[in-house]
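Counting begins at 1 with the first residue of the sequence. In this text the structure is predicted, and so the values were computed from the model without any measurement.
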Amino acid sequence: MTPLSVDHAVARPLVEQIVEQFITRIGDKSLRSGSRLPSIRRFAADYRVSKFTVVEAYDRLVALGYVQSRRGAGFFVASRMEASSHLSPRREPPLRRCMDSLWLLRHDALTSDTSLLRPGCGWLPPDWMPQAELEKALRDLTRRPNSRLTSYGEPFGYRPLRQQLCVRLAELEIEAQPEQIVLTAGAMQALDLIARYLVDEGDTVLVDEPGFFNLFANQKLHGAHLLGVPRTPNGPDVVVLEQLLIEHKPKLFITNSVLHNPTGTSLNRANAFRILQLAEKYDLTIVEDDIFSDFQTGPGERLAALDQLNRVIYIGSFSKTLSANLRVGYIVADPRRAQDLCDLKLLTSLSTPEVSERVMHAMLTEGAYRKHMERVKNRLKQATDMVLPRLEAMGFKLWAQPTGGMFCYACLPGITDSAPLAEAAVGEGLMLAPGALFCPRGETTTWLRFNVAHMDDTRVWDWLARASAGEPVKAL
């Protein structure tokens with residue numbers, strides 16, 4: 001097969017480049033029916049891309065009907081495509097744009113397999129959560145005469161919780177009224193509603209790079225063209241941000257200001273002011289994803305506090321801090337946008353579960369949540385003080401010193417791609433998080449995300465010690 005042209009320097013996602021060129025070659029019969037595509041491992045090595053990128057590209061070709069997967073044999077050009085190659089390519093099903101994230105969520109991230117070690121996951125260990133306090137709040141709710149267990153919730157969400165959130169937001173110097181808060185089923189529904197509201201097929205959306213992989217997948221689902229804004233230890237690179245604003249005129253910029261995922265760093269004041277100046281100059285809407293807010297112990301600026309919800313839409317959630325199962329998140333926006341987003345929520349999901357919102361309200365107002373978060377922050381500090389020196393002693397290089405929270409971003413010098421390392425770890429029951437997942441284009445990177453709260457098992461350190469020493473590790 002004549003080599004493809006895969007350009008790592010351009011903004012177009014690598015997966016799209018690969019898929020388009022295979023479709024072209026199948027269409028002009030350079031690749032005929034029954035031709036075998038290069039193996040995933042060989043393609044990744046030849047073109048210096050991660051195996052996750054190749055898997056997604058091949059999966060898309062299968063979904064579009066151009067390629068067939070044969071178990072144990074590989075991927076082959078589908079026979080029926082030769083007869084229909086004169087037809088214009090079918091539009092890619094939106095779900096296929098998200099295959100790399102779906103693979104992780106299906107196979108590792110959300111499984112209940114307790115034998116799997118998760119040093120790369122994005123949540124706290126179950127035994128860190130206030131199970132007894134949550135059970136008490138649920139029991140108390142069911143005993144109340146007006147528990148509304150069988151009713152729809154209010155369109156904006158449970159008003160007493162929204163009132164309590166106004167108090168919490170004021171502590172962050174964000175002034176808001178209950179009518180500016182829309183409760184959601186976690187931060188992902190919040191991001192999804194905002195995308196439905198503001199993003200049309202083909203619109204450019206800016207995201208942190210590295211950033212949250214499931215955010216990338218959600219935006220791709222809505223047809224967004226993602227461009228990464230490089231992250232620095234003090235926040236987004238404002239020089240690159242302005243260049244992207246000039247060249248691409250994006251609709252949105254979605255960013256973590258405090259305890260960024262995956263680096264654990266926070267925005268400083270100088271960068272915050274500059275970002276808001278650029279947003280005003282280039283008519284940009286900013287979505288500030290602040291779901292790690294309650295882990296904060298050190299410095300960190302919030303764009304919503306400086307902007308007061310003029311160009312900033314603010315998102316919060318209790319899924320990471322209290323319960324992923326309750327699914328309580330929220331959007332804070334100016335009154336017009338809040339009403340529009342509430343209407344969109346009604347059209348897509350009617351309401352959010354008031355039972356969960358009442359439980360969350362009880363945890364906040366009765367003091368259980370505050371006590372829980374103090375315990376969590378203390379445990380995270382202890383874990384961080386243990387994990388970071390130990391990683392560095394093994395030869396890992398930190399991307400930056402985290403300002404708090406559960407994440408650190410690190411790499412092993414001499415390793416050019418962290419994806420094979422993560423794949424080898426799966427074979428020994430460890431779920432690592434390779435940096436390619438946190439790049440909007442899925443390009444090869446050396447970095448790995450670690451969760452300090454899940455690093456207390458000797459098997460994790462034994463495996464990392466062998467990997468850092470260059471010893472053979474079990475592969476898939």
Is the side chain of [X] donor-acceptor paired with the backbone N or O of [Y] at a distance under 3.5 Å, no angle test?
{"X": "Glu288", "Y": "Leu303", "value": "yes"}
{"X": "His222", "Y": "Leu198", "value": "no"}
{"X": "Asp200", "Y": "Asp203", "value": "no"}
{"X": "Arg48", "Y": "Thr444", "value": "no"}
{"X": "Ser418", "Y": "Gly435", "value": "yes"}
{"X": "Thr403", "Y": "Gly264", "value": "yes"}
{"X": "Asn451", "Y": "Cys121", "value": "yes"}
{"X": "Thr204", "Y": "Pro250", "value": "no"}
{"X": "Gln180", "Y": "Ala333", "value": "yes"}
{"X": "Ser266", "Y": "Leu259", "value": "yes"}

Evaluate the side-chain contact (heavy atoms from CB on, under 4.5 Å) criterion for residues Gln296 and Arg302: first the C-alpha distance (whole Å), next the side-chain angles of each, then the deciding distance (0.1 Å), finally the verdict. CA-CA 12 Å; Gln296 183 181 4; Arg302 286 174 177 79; 2.7 Å; yes
Does Asp140 form a salt bridge (Lys or Arg N to Asp or Glu O under 4.0 Å) with Arg144? I'd like the steps, not just the answer. CA-CA 7 Å; Asp140 290 348; Arg144 293 171 187 165; 5.3 Å; no
*Which pairs count as ring pair (Phe, Tyr, Trp, His ring centres under 6.0 Å) when at least one residue sits in residues 125-166, sequence neighbours excluded?*
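Pairs touching residues 125-166 that pass the test: Tyr158-His361.
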Quick check on Lys136: does its NZ atom have over 12 non-hydrogen neighbours (other residues, nucleotides or ligands) under 6.0 Å away?
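Count not over threshold, so no.
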Should we count CG of Asn325 as having more than 12 external heavy atoms under 6.0 Å?
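No, CG of Asn325 has 12 or fewer neighbouring heavy atoms, counting only those of other groups under 6.0 Å.
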request  = Evaluate side-chain contact (heavy atoms from CB on, under 4.5 Å) for Val258 paired with Phe295, printing each intermediate quantity in order.
outcome  = CA-CA 9 Å; Val258 175; Phe295 293 116; over 6 Å; no
Does any part of the side chain of [Y], heavy atoms only, come nearer than 4.5 Å to the side chain of [X], both counted from C-beta?
{"X": "Leu464", "Y": "Leu391", "value": "yes"}
{"X": "Ile194", "Y": "Ile254", "value": "no"}
{"X": "Met386", "Y": "Arg390", "value": "yes"}
{"X": "Met188", "Y": "Leu191", "value": "yes"}
{"X": "Phe318", "Y": "Leu326", "value": "no"}
{"X": "Val238", "Y": "Gln277", "value": "no"}
{"X": "Leu388", "Y": "Cys408", "value": "yes"}
{"X": "Arg311", "Y": "Phe253", "value": "no"}

Original post:
Less than 4.0 Å between a side-chain N and a carboxylate O, is that true for Asp192 and Arg196?
Top reply: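 So Arg196 pairs with Asp192 through a salt bridge.
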| task | Answer yes or no: is there an ion pair linking Arg337 with Asp340, defined by an N-O contact shorter than 4.0 Å? | result |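 No.
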[Y] versus [X], side-chain donor and acceptor atoms under 3.5 Å:
{"X": "Tyr369", "Y": "Glu133", "value": "no"}
{"X": "Thr365", "Y": "Gln164", "value": "no"}
{"X": "Gln131", "Y": "Glu135", "value": "yes"}
{"X": "Thr232", "Y": "Asp237", "value": "no"}
{"X": "Gln339", "Y": "Asp343", "value": "yes"}
{"X": "Thr352", "Y": "Glu357", "value": "yes"}
{"X": "Gln382", "Y": "Arg379", "value": "no"}
{"X": "Arg168", "Y": "Ser293", "value": "no"}

List for me each residue that meets ring pair (Phe, Tyr, Trp, His ring centres under 6.0 Å) alongside [X], sequence neighbours excluded, and say none if there are none.
{"X": "Phe450", "result": "Phe396"}
{"X": "Tyr47", "result": "Phe43"}
{"X": "Phe292", "result": "Phe407"}

Could you note down all residue pairs passing salt bridge (Lys or Arg N to Asp or Glu O under 4.0 Å) where residues 172-188 supplies at least one of them, sequence neighbours left out?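 Output for this query lists Arg159-Glu179.
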Checklist entry - So which pairs with a foot in residues 314-333 pass salt bridge (Lys or Arg N to Asp or Glu O under 4.0 Å), sequence neighbours left out? => result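 Passing the test, one end in residues 314-333: no pairs.
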Tell me the closest heavy-atom pair linking [X] and [Y], and the distance in Å.
{"X": "Gly405", "Y": "Thr384", "result": "O-OG1, 4.1 Å"}
{"X": "Ala419", "Y": "Ser50", "result": "CB-CB, 4.1 Å"}
{"X": "Ala137", "Y": "Met363", "result": "CB-SD, 4.3 Å"}
{"X": "Ala190", "Y": "Thr184", "result": "CB-OG1, 3.8 Å"}
{"X": "Val287", "Y": "Leu252", "result": "CG2-CD2, 4.1 Å"}
{"X": "His8", "Y": "Val49", "result": "CE1-CG1, 3.7 Å"}

Quick one: pull up [atom1] in [X] and [atom2] in [Y] and give me the separation to the nearest 0.5 Å.
{"X": "Lys249", "Y": "Asp283", "atom1": "NZ", "atom2": "CG", "value": "11.5 Å"}
{"X": "Thr297", "Y": "Asp294", "atom1": "OG1", "atom2": "CG", "value": "12.0 Å"}
{"X": "Lys51", "Y": "Tyr58", "atom1": "NZ", "atom2": "OH", "value": "13.0 Å"}
{"X": "Trp399", "Y": "Leu448", "atom1": "CH2", "atom2": "CG", "value": "15.0 Å"}
{"X": "Glu20", "Y": "Leu61", "atom1": "CD", "atom2": "CG", "value": "11.5 Å"}
{"X": "Leu161", "Y": "Ile181", "atom1": "CG", "atom2": "CD1", "value": "8.0 Å"}

Open item on the list: Pair Arg370, Glu171 - check salt bridge (Lys or Arg N to Asp or Glu O under 4.0 Å), show working.
Closed with: CA-CA 14 Å; Arg370 179 185 59 80; Glu171 294 173 356; over 6 Å; no
* To do: Fit a plane to each ring of Trp447 and Tyr409, take the angle between them on a 0 to 90° scale, and name the class: parallel (under 30°), tilted (30 to 60°) or perpendicular (over 60°).
  =>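 Plane angle under 30°, so parallel.
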Please step through side-chain hydrogen bond (donor to acceptor under 3.5 Å, both in side chains) for the pair Asn256 and Arg231, ending with a clear verdict.
CA-CA 10 Å; Asn256 287 143; Arg231 188 79 181 191; over 6 Å; no
- Given side-chain contact (heavy atoms from CB on, under 4.5 Å), test Thr255 with Val229 step by step and report yes or no. CA-CA 9 Å; Thr255 184; Val229 180; over 6 Å; no
